[in-house]
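Start at 1 and go down the list; that is how both ligands and their atoms are numbered.
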Amino acid sequence: MKKALFPGSFDPFTVGHESIVNRGLSLFDEIVIGVGVNSTKANLFSIEKRVESIRTLYNDNSRISVDFYDGLTINHCKKIGADFILRGLRNSSDFGFERGIAQVNKVMETSIETVFMLCLPEHSAISSTIIRDIIRNGGSAEPFVPARVYQTLFK
Ligand code: ADP
């Protein structure tokens with residue numbers, strides 16, 4: 001059984017993230033969306049709210065689960081029995097950043113493979129950072145996050 005962890009801050013979870021998860025189901029039997037505690041980013045939504053909002057999307061899908069974790073991603077993979085880390089790539093900056101993390105993870109834990117999926121062209125400009133900025137400045141995140149996530153975050 002192929003199980004992957006899709007780790008991220010997901011602050012908030014966007015239609016770009018949703019697309020990676022949905023497409024990832026053709027590669028993996030099970031995907032665990034892991035909301036990581038990232039100390040370098042200024043959070044907008046609490047971890048609990050993020051987990052709750054993402055769960056509304058996948059309640060009916062037994063192949064996808066959502067949880068949060070603290071500490072090293074590879075340690076969380078080992079804890080939940082995931083042999084793969086799934087990551088999305090939008091552009092060359094993502095690639096440069098992700099390559100370093102993946103290579104370091106590979107040295108620390110050789111049994112875990114990182115799998116990259118290129119985002120769809122229409123999602124390449126969507127980032128949680130930009131969406132947080134829109135929200136902080138009074139704009140609407142509605143076009144950029146899945147409808148159920150939007151309802152949970154803003155109800
Ligand atoms: P992190 O804080 O770990 O970078 P993010 O929540 O920003 O977490 O992103 C999680 C993963 O989703 C990363 O692999 C990131 O590159 C990818 N990602 C972010 N935005 C998009 C998007 N619009 N389309 C596809 N993948 C994306």
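Residue M117 places no heavy atom under 4.0 Å from ligand 1. Using 4.0 Å as the threshold, F6 has a heavy atom nearer than that to some atom of ligand 1. Ligand 1 does not have A125 within reach: every non-hydrogen atom of the residue lies 4.0 Å or more from it.
At a threshold of 4.5 Å between non-hydrogen side-chain atoms, the residues H76 and P7 do not count as touching. In this structure the side chain of I135 reaches within 4.5 angstrom of the side chain of F154, judged on heavy atoms. Side-chain contact between N105 and E113 is absent, with no heavy-atom pair separated by less than 4.5 Å.
One N or O on the side chain of R50 and one on the backbone of F45 form a donor-acceptor pair closer than 3.5 Å. A distance-only check finds no donor-acceptor pair linking the side chain of S19 to the backbone of V15 [under 3.5 Å]. The main-chain N or O of D29 is found under 3.5 Å from a side-chain atom of R63 such that the two form a donor-acceptor pair.
By heavy-atom distance, the residue among E98, E122, R90 lying nearest atom 22 (C) of ligand 1 is R90. For atom 15 (C) of ligand 1, the nearest non-hydrogen atom from the set S9, G16, G88 comes from G88.
Ligand 1 has no N or O atom lying under 3.5 Å from any N or O atom of S128, backbone or side chain. Taking only nitrogen or oxygen atoms, main chain and side chain alike, I126 reaches within less than 3.5 Å of ligand 1.
If you number the atoms of ligand 1 from 1 as listed, the ones under 4.0 Å from a heavy atom of I20 come out as 25 (C), 26 (N). Atoms of ligand 1 lying under 4.0 Å from any heavy atom of C119, numbered from 1 in the order shown and given with element: 24 (N), 25 (C). For ligand 1, the atoms sitting less than 4.0 Å from at least one non-hydrogen atom of R87 are 1 (P), 3 (O), 4 (O), 10 (C), 11 (C), 13 (C), 14 (O), numbered in the order shown with element in parentheses. Those atoms of ligand 1 with a heavy atom of F10 less than 4.0 angstrom away are 6 (O), 10 (C).
Only backbone heavy atoms of P7 (N, CA, C or O) come within less than 4.0 Å of ligand 1; its side chain stays farther off.
Shortest contact from atom 27 (C) of ligand 1 to any protein heavy atom: H17 CD2, 4.1 Å. Among protein heavy atoms, atom 7 (O) of ligand 1 sits closest to K41 NZ, 3.5 Å.
The existence of a salt bridge linking K2 and D83 is excluded, since no basic side-chain nitrogen approaches an acidic carboxylate oxygen closer than 4.0 Å.
L120 and L89 fall into different hydrophobic clusters, where Ile, Leu, Val, Met, Phe, Trp and Tyr residues are linked whenever their side-chain heavy atoms come under 4.5 Å apart, directly or through other members.
Using the six-membered ring where Trp is involved, H17 and F10 have ring planes that are perpendicular, over 60° apart on the 30 and 60° scheme.
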